[in-house]
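Comments concern the structure below.
Per chain, numbering begins at 1; letters A, B, ... match sequence-line order. Just the heavy atoms: all of them, side chains too, but no hydrogens, waters or symmetry mates, feed the values below. Every value quoted in this text rests on a predicted model; they were computed, and no experiment measured them.
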Amino acid sequence: MVDVAFEAQNLAHPPVASRSKALAKLRLADAAFFQATRGCALAVLIILGGIIVSLIYGAAPALRQFGFGFLVSERWNPVTENFGAAAPVYGTLVTSFIAMLIAVPIGLLIATFLTELCPMWLRRPIGIAIELLAGIPSIIYGIWGLFVFAPFLQRTLQPALISAFGDIPVLSSLFAGPPYGIGVLTAGLILAIMVLPFITSISRDVFEAVPPVLKEAAYGIGCTTWEVVRNVVLPYARTGVIGGVMLGLGRALGETMAVTFVIGNAHRISASLLAPGTTISATIANEFTEAVGDLYTSSLIALGLLLFVITFIVLAAARYLLLRLDQRIG
Amino acid sequence: MTLYRRRRVRNFVVMGLSLAATAIGLGWLALILGALVWEAFVGLSLSVFTEMTPPPGASGGLLNPIVGSLIMTVIAVVIGTPLGMLAGTYMAEYGRHSRLTQVVRFINDILLSAPSIVVGLFVYEILVYQAGHFSALAGAVALAVIVVPVVVRTTEDMLVLVPDTLREACASIGMPRARMISHVCYRAARAGLITGVLLAVARISGETAPLLFTALNNQFFSLDLNAPMASLPVVIFQFALSPYKEWQALAWIGALIITFGVLALSIAARALGTKETVL
């Protein structure tokens, strides 16, 4: 055993006095370390507070100028300095909706495969591969989407959609116009690829947390794998799956680079999914450094504030659900 | 019998779909990596690492963005790691069940997936706007804001895994708490803590949005932290959207460098993480 006070003492001094001195020093160091850790924990809160305050401060001129109209106006005119958030907000919501529409079923199916069907030796490698997909930076999806995926869609999927739905009343306006390649649909598809790994890995984790006894009981009375998943696993894992889906939604709403490359940056709301559009993050990324004038900059920051508020609500709800799940299991 | 058949068929269909979904997920990974390698290998040569970014229409390399990315990543890690680690230490060691810890954990989880472009706006407001010009330092701070939540999360998770018997042993020999944490808990959780930093580096090395209006971009080689600095993601963004063939080729090469850097980091982090994190 090493007496730390003894170890720390300076041997030049008489032992008794220096021992209490060394202890005092240690006590001071202890207190300082504790305060440092607490200060850093508080700093995390300060960062969030700083983000909110700075965004509100930056957005104030635009919000004062346009008021509530900022939310509903579709106009975006830097020349006359008239700005409204409707088009980017619409684009953000629609692209995220398309992404979730595709990624949620596929993610759940992959999670089913990984927990019920996949041979044991293959589970880890496939799980890791899916997680690596989550690690690829979004700009890679963007450049791939722009040069490979968009031209591919322009040649294949989009003309097919246009001709397939051209005569059906509602759907024809949804898939109207020339196949540009880039556009709202393409952005939604890229987003789907991006959020798929998040949804998959969380769903897999909550599927695995289902007690084996429940599943075995269901198999024991002759259920098929699908019936076990549908009636035992999914109801048990529901909260966790919803949490995971909302986490993925939070990512999709705030995703910038992958969308900026392929959405076309057009400030208008059009019924067709094949038309170019814009999202909040794409608008900021494209225009912020070129914005001239305080009102223009302020309007872009107001968009950022709007995005932060939306994602904050979605993410907070997701975390709340997952937290409740943790408490139930642990 | 028909009900039995129907159930069998339905099961077969859904299981087939789940197999197909997995194939799609993995196929996409292969497609993206394949396209990356295919497009980038044509232009990959040593000059990429020795020459500066070219003006339109000329050939060149990516030396200045590579160096810029490295510099800003290092500064971001140097700022963000101690902050995140100390905060995580508080949550795991001092206030494991305190109210503050619960609030910080909740907020931290939200920061973890908050849109990175908002972080860029935040740093623009507090640093760039005040200083009146873009700077590499502002870029590094923006990246640091993204590093912090990643490190906080892994530090807390890893320290919680350290067995309490170690802490009790320390307490029984009268070891001060700060010393116990730094000499015993940190060492026991070392592999996990390093994993956290590696994951954070992987996360920021591809981040583009927070750099767009903090570090901006720089056509030339610059080591000045107070001036705009090029970085790989921003150069990829600018070059990929340009109409020049040479620039687009360089964007693909930059994308390849980042992807394999990030994949290598995540695999290294995973290898470290699966090793025994506790002594």
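- For the set Leu112(B), Val145(B), Leu241(B), Val148(B), the count of heavy-atom pairs under 4.5 angstrom toward chain A peaks at Leu241(B).
- The parts of Ala251(B) that come within reach of chain A are both its backbone and its side chain, each placing non-hydrogen atoms under 4.5 angstrom from that chain.
- In terms of heavy-atom pairs under 4.5 angstrom with chain B, the leader among Val148(A), Leu132(A), Leu322(A) is Leu132(A).
- For chain B, no part of Thr200(A) is nearby; none of its heavy atoms comes within less than 4.5 Å.
- Neither the backbone nor the side chain of Phe198(A) has a heavy atom closer than 4.5 Å to any heavy atom of chain B.
- Chosen from Leu212(B), Thr259(B), Leu263(B), Leu121(B), the residue pairing most often with chain A at heavy-atom distances under 4.5 Å is Leu121(B).
- When each of Ser138(A), Gly107(A), Gly50(A) is checked for heavy-atom pairs under 4.5 Å with chain B, Gly50(A) comes out on top.
- Looking at Ile181(B), the atoms closer than 4.5 Å to chain A (heavy atoms on both sides) all sit in the side chain, from C-beta outward.
- Ranked by heavy-atom pairs under 4.5 Å with chain A, the first of Glu207(B), Arg177(B), Arg10(B) is Arg177(B).
- Heavy atoms closer than 4.5 Å to chain A are found nowhere in Leu265(B), neither backbone nor side chain.
- Of the listed residues (Gly206(B), Ala23(B), Ala178(B)), the greatest number of heavy-atom pairs within a distance under 4.5 Å of chain A belongs to Ala178(B).
- Asn231(A) CG: more than 12 foreign heavy atoms inside a 6.0 Å radius.
- A donor-acceptor pair is defined here as one N or O able to donate and one able to accept, closer than 3.5 Å; no such pair exists between the side chain of Glu290(A) and the backbone of Glu287(A).
- Using a distance-only test at 3.5 Å, with no hydrogens or angles considered, a donor-acceptor pair links the side chain of Glu255(A) to the main chain of Met257(A).
- Not one N or O on the side chain of Glu39(B) forms a donor-acceptor pair closer than 3.5 Å with the backbone of Ala249(B).
- Comparing Leu48(A), Ile193(A), Ile136(A) by how many heavy-atom pairs each has under 4.5 Å with chain B, the most go to Ile193(A).
- A donor-acceptor pair shorter than 3.5 Å cannot be found between the side chains of Thr297(A) and Tyr129(B).
- Of the atoms belonging to Leu108(A), not a single heavy atom falls under 4.5 Å from chain B.
- For a residue to count as touching a neighbouring chain, one of its non-hydrogen atoms must lie under 4.5 Å from one of that chain's; by this rule Ile110(B) touches chain A with backbone and side chain alike.
- Not one N or O on the side chain of Thr89(B) forms a donor-acceptor pair closer than 3.5 Å with the backbone of Thr37(A).
- Ser298(A) contributes a side-chain N or O that, together with a main-chain N or O of Gly58(A), makes up a donor-acceptor pair within less than 3.5 Å.
- Residue contact with chain A, scored on non-hydrogen atoms closer than 4.5 Å, involves the side chain of Tyr94(B) exclusively.
- In summary, the side chains of Ser98(B) and Thr101(B) do present a donor paired with an acceptor at a separation below 3.5 Å, with no hydrogens or angles considered.
- Highest contact tally toward chain A, considering only Ser113(B), Pro233(B), Ser205(B), is held by Ser113(B) [criterion: heavy-atom pairs under 4.5 Å].
- Side-chain contact of Asn217(B) with Gln238(B): a donor-acceptor pair under 3.5 Å is present, judged by distance alone.
- Using a 4.5 Å cut-off between heavy atoms, Ala285(A) contacts chain B through both its backbone and its side chain.
- Proximity to chain A is limited to the side chain of Leu216(B), based on heavy atoms less than 4.5 angstrom apart.
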message: Pair Leu256(B), Val37(B) - check side-chain contact (heavy atoms from CB on, under 4.5 Å), show working.
response: CA-CA 7 Å; Leu256(B) 184 75; Val37(B) 171; 3.9 Å; yes
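- Using a 4.5 Å cut-off between heavy atoms, Leu19(B) contacts chain A through both its backbone and its side chain.
- Remark: Arg105(B) does not engage Asp109(B) in a salt bridge, criterion side-chain N to carboxylate O under 4.0 Å.
- Heavy atoms closer than 4.5 Å to chain A are found in both the backbone and the side chain of Leu17(B).
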message: Walk me through whether Glu156(B) and Arg96(B) qualify under salt bridge (charged side-chain N to carboxylate O under 4.0 Å, His left out).
response: CA-CA 9 Å; Glu156(B) 195 206 349; Arg96(B) 199 175 281 194; over 6 Å; no
- request: Give the C-alpha distance, both sets of side-chain angles, the deciding distance and a yes or no for ring pair (Phe, Tyr, Trp, His ring centres under 6.0 Å) between Tyr141(A) and Phe149(A).
  value: CA-CA 9 Å; Tyr141(A) 291 93; Phe149(A) 198 46; over 10 Å; no
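- Using a 4.5 Å cut-off between heavy atoms, Thr225(A) contacts chain B through both its backbone and its side chain.
- Checking side-chain atoms of Asn108(B) against main-chain N and O of Val104(B) turns up no donor-acceptor pair under 3.5 Å.
- In this view, Tyr219(A) and Glu116(A) satisfy the side chain to side chain donor-acceptor pair (under 3.5 Å) rule, not counting sequence neighbours.
- By the 6.0 Å contact criterion, CZ on Arg123(A) is enclosed, its count of non-hydrogen atoms from other residues, nucleotides or ligands being greater than 12.
- For the options Cys40(A), Gly254(A), Pro137(A), heavy-atom pairs under 4.5 Å to chain B are most numerous at Cys40(A).
- The contact between Ile284(A) and chain B is made by backbone and side chain atoms together, counting heavy-atom distances below 4.5 Å.
- Neither the backbone nor the side chain of Val123(B) comes within less than 4.5 Å of any heavy atom in chain A.
- With respect to chain B, the highest number of heavy-atom pairs below 4.5 Å among Leu117(A), Thr112(A), Ile106(A), Leu55(A) belongs to Leu117(A).
- Using a 4.5 Å cut-off between heavy atoms, Phe12(B) makes no contact with chain A at all.
- Of all the listed residues (Leu109(A), Ile52(A), Val44(A), Thr256(A)), the one sharing the greatest number of non-hydrogen pairs under 4.5 Å with chain B is Leu109(A).
- Contact count against chain A (heavy-atom pairs under 4.5 Å) is highest for Trp252(B) among Trp252(B), Tyr124(B), Phe106(B), Phe134(B).
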